[in-house]
Amino acid sequence: MRSVNNTLVYACLVTVLLGLSACDRDLDNQQKVSLDDNTQWATESNADIFLNDVYDQLPDMYSQPENLDNFTDDNDAGFYYNSWKYKDGNLDPASTNYTLFGGGATGVQTVSRYNWPALYTSIRKCNTFIQQVNAHKTNYGSAWFNKRIDEARFNRAFHYSILFLHWGGVPIILDPQVRADTLNLFVKRSTYAETLDFLTKTLDTVLNNKYLAVKYNKGNPDAGRATLGAALMLKAYLQLVAASPTYNAASYVGGADPNKIAGFGNADVSRWATAAGSFKKFIDDWGGGKTYGLFPEDSTLWQEENEYNAEVIWDRQHVANVKGSNYEQYGGPVYVLGSYYTWGNYNPTQELVDQFFMANGKPITDPGSGYDPQRPYVGRERRFYKWIVYDGAPYKLDWMSAQDTIYTRIDKVRPSPNQIDFASTDVSNTGYYFRKKLNPRNRPATGLSGANYIYFRYAEVLLGYAEAQNEAVGPDASVYSAMNAIRARVNLPDLPVGLSQSQMREAIRQERRIELCFENKRFQDIIRWKIADQVLTVDLHGMKIENTKADNSGTWVYTPVGLNHPHAFKLRQYMHPIPQTALAQNAKLVQTPGY
């Protein structure tokens, strides 16, 4: 059984999230353990300490066992996680438990800093920095001032974007509040459109100012800080979400929405064109290898030695054994070379595995694909073999002394410790594990990994553009170009010509699901596409493999088997409820529709 005691606690509270060499020198040069309001804003280096703490508030998606993928049809998580309750339709506004284990179910609010109070705490820090740096402007050089203010603006927008994605219209607070100011202390929820407008205008300000670099490369002392690339990508992504069926509609699927906090309250196809325009600007100005582009090897772009490669747009820095992550403890095969190593938290479902193409580029449902359901792991595309650990998969990471073979089959002659058991142990109930993003040099439970967590990468620019452009005008040549670039990297042939808009839509969604699997993108996709009430209300599956003879002399039979795990998603879950405690404190707030 997993235990919170396994989670490594970071030793240094003030250790810089960014790991920036310039900031490290500042920290070494002066004594700053006793900063107060009189000294905090006295110099650039002192003020940087505060802003570094703002960066430290970025959600640490690598250092926790439960991620957004747990809440989707791609991953089968354990019964002790709140995603188990979420999939059973339980979402309790009265709960104040935002921890990862047990307690009242609060949905994705249990994910690191993905909860209402934590996000507003981070926003307050951004507001405080902007206020105080403006108040002490004479203490700083103009170049530092301009860059740091826009970094804080971006960080504030990033945290507001998380609120926007999960709560829709939210209170917009741009100054650090004080209890004595009762006139301005209580703020109502802005509409969905107003919140989006605030976010896009903020990001436009950053983009138009041009004080930030377009991108930082590895070794640059500012690597890890906000960039123009990150600002434009965040803007385009939010516009893509807002143009999607759940929100770009006359009515909200989760219930009556008279305050228009859960959507626009009307449908407008031009919203797709707006999103496509932002993605196209990114591609035209910085894409195609000019500044950003696809990294040649898709399986290694997450590794430490490849940090800040051309594909990385926005990430969270980690420093091995200082401000690192515990990611390798949580995922991958439970037993490696016969020894227990991981919690096995990330277990691809059969539904996800079936999405991977054959090597000839055809889906397994195509009669001409060559797929054999009794030889399901033969002839699949490159990403399948690099990212999914299946029965009989060779498994070798750099820290391992020898190559292992992972067996998940039910073998009565030579049972494997990783064999599917449909029980409450750490062993996968689906018959699969994943290896995507695992740091091959980091042996689980022996130290914190230094691999950065990537929020956005260039492949998502291409996928976002293809989707938005297809919805706006149909599958024109530019849509094919973006899609085929993704496929070419993994040696898949171009998409067939002549696809209709709906056929291209399905091709884009399948490609997006594969390319971005286990990157915490699927949750928002099934929400914004308004398919969560379809994919989370049916049983998910694993793969049971048994021999027809007890002595293994027969045939190995592959049978998809239902997991019989919760699948009772309710329409109101398309958005999250505001915690009851927040409603009690602020009478101007209205609850999310359906709660």
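In what follows, every heavy atom counts, from backbone to side chain, and hydrogens, waters and symmetry copies are set aside.
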May I ask you to decide whether [X] forms a salt bridge with [Y], counting only side-chain N to carboxylate O separations under 4.0 Å?
X	Y	answer
Glu151	Arg148	yes
Glu519	Arg457	yes
Arg512	Asp525	yes
Lys235	Asp204	yes
Lys125	Asp53	yes
Lys85	Asp88	no
Asp533	Lys570	no
Lys280	Asp285	no

When the aromatic ring centroids of [X] and [Y] are compared, is their separation below 6.0 Å?
X	Y	answer
Tyr465	Phe279	no
Tyr455	Tyr453	yes
Phe50	Tyr55	no
Phe71	Tyr86	yes
Phe198	Phe164	no
Phe154	Trp314	yes
Phe264	Tyr247	no

Grab the two heavy atoms, one from [X] and one from [Y], that are nearest each other, plus how far apart they are.
X	Y	answer
Thr39	Asn46	O-ND2, 2.7 Å
Val108	Tyr114	O-CB, 3.2 Å
Thr246	Ala249	O-CB, 4.4 Å
Ile514	Gln355	CD1-O, 3.0 Å
Pro65	Tyr81	CB-OH, 3.3 Å
Leu240	Gly464	CD1-O, 3.8 Å

For the backbone of [Y] and the side chain of [X], can you confirm whether one donor and one acceptor N or O come within less than 3.5 Å of each other?
X	Y	result
Gln131	Asp175	no
Arg316	Leu58	yes
Asn586	Lys588	yes
Asn82	Gly107	no
Ser481	Ala477	no
Asn309	Phe295	no
Gln177	Asn184	yes

Distance, nearest 0.5 Å, that separates [atom1] of [X] from [atom2] of [Y]:
X	Y	atom1	atom2	value
Leu516	Asp74	CG	CG	10.5 Å
Tyr160	Leu165	OH	CG	14.5 Å
Asp315	Phe456	CG	CZ	12.0 Å
Ile508	Leu499	CD1	CG	9.5 Å
Glu351	Asp76	CD	CG	10.0 Å
Asn75	Asn345	CG	CG	8.0 Å

Does a donor on one side chain sit under 3.5 Å from an acceptor on the other, for [X] and [Y]?
X	Y	answer
Glu467	Trp529	yes
Gln469	Asp476	yes
Asn266	Arg271	yes
Arg528	Ser244	yes
His318	Asp60	yes
Asn70	Asn67	no
Gln239	Thr200	no
Thr592	Arg189	yes

Heavy-atom distance under 4.5 Å between the side chains of [X] and [Y], does that happen here?
X	Y	result
Pro579	Thr96	no
Leu119	Asn115	no
Met575	His166	no
Val461	Tyr292	no
Ile49	Gln40	yes
Leu589	Lys188	no
Leu463	Glu515	yes
Pro577	Leu91	yes

Under 6.0 Å from the ring centre and within 45 degrees of the ring axis: does the NZ or CZ of Lys530 meet both conditions for the six-membered ring of Tyr574?
no
Checking Lys521 against Tyr237: charged group under 6.0 Å from the ring centre and within 45 degrees of the axis?
yes
So for atom NZ, which belongs to Lys290, do other residues, nucleotides or ligands contribute more than 12 heavy atoms lying within a distance under 6.0 Å?
yes
Between Val54 and Ser122, is the side chain to side chain contact (heavy atoms under 4.5 Å, CB included) condition met? List the steps.
CA-CA 7 Å; Val54 169; Ser122 299; over 6 Å; no
If you apply the rule side chain to side chain contact (heavy atoms under 4.5 Å, CB included), what do you find for Phe523 with Asp69, and how did you get there?
CA-CA 6 Å; Phe523 180 81; Asp69 288 310; over 6 Å; no
Could you walk me through whether Arg153 and Asn209 pass side chain to side chain contact (heavy atoms under 4.5 Å, CB included), step by step?
CA-CA 12 Å; Arg153 285 190 178 114; Asn209 285 343; 3.7 Å; yes
Derivation of the side chain to side chain contact (heavy atoms under 4.5 Å, CB included) call for Phe282 and Tyr458
CA-CA 9 Å; Phe282 195 113; Tyr458 187 69; 3.8 Å; yes
Tell me whether the rings of Trp41 and His136 are parallel (<30°), tilted (30 to 60°) or perpendicular (>60°).
parallel
Between Tyr327 and Tyr346, is the ring-ring contact (aromatic ring centres under 6.0 Å, His included) condition met? List the steps.
CA-CA 10 Å; Tyr327 193 58; Tyr346 307 130; 5.8 Å; yes
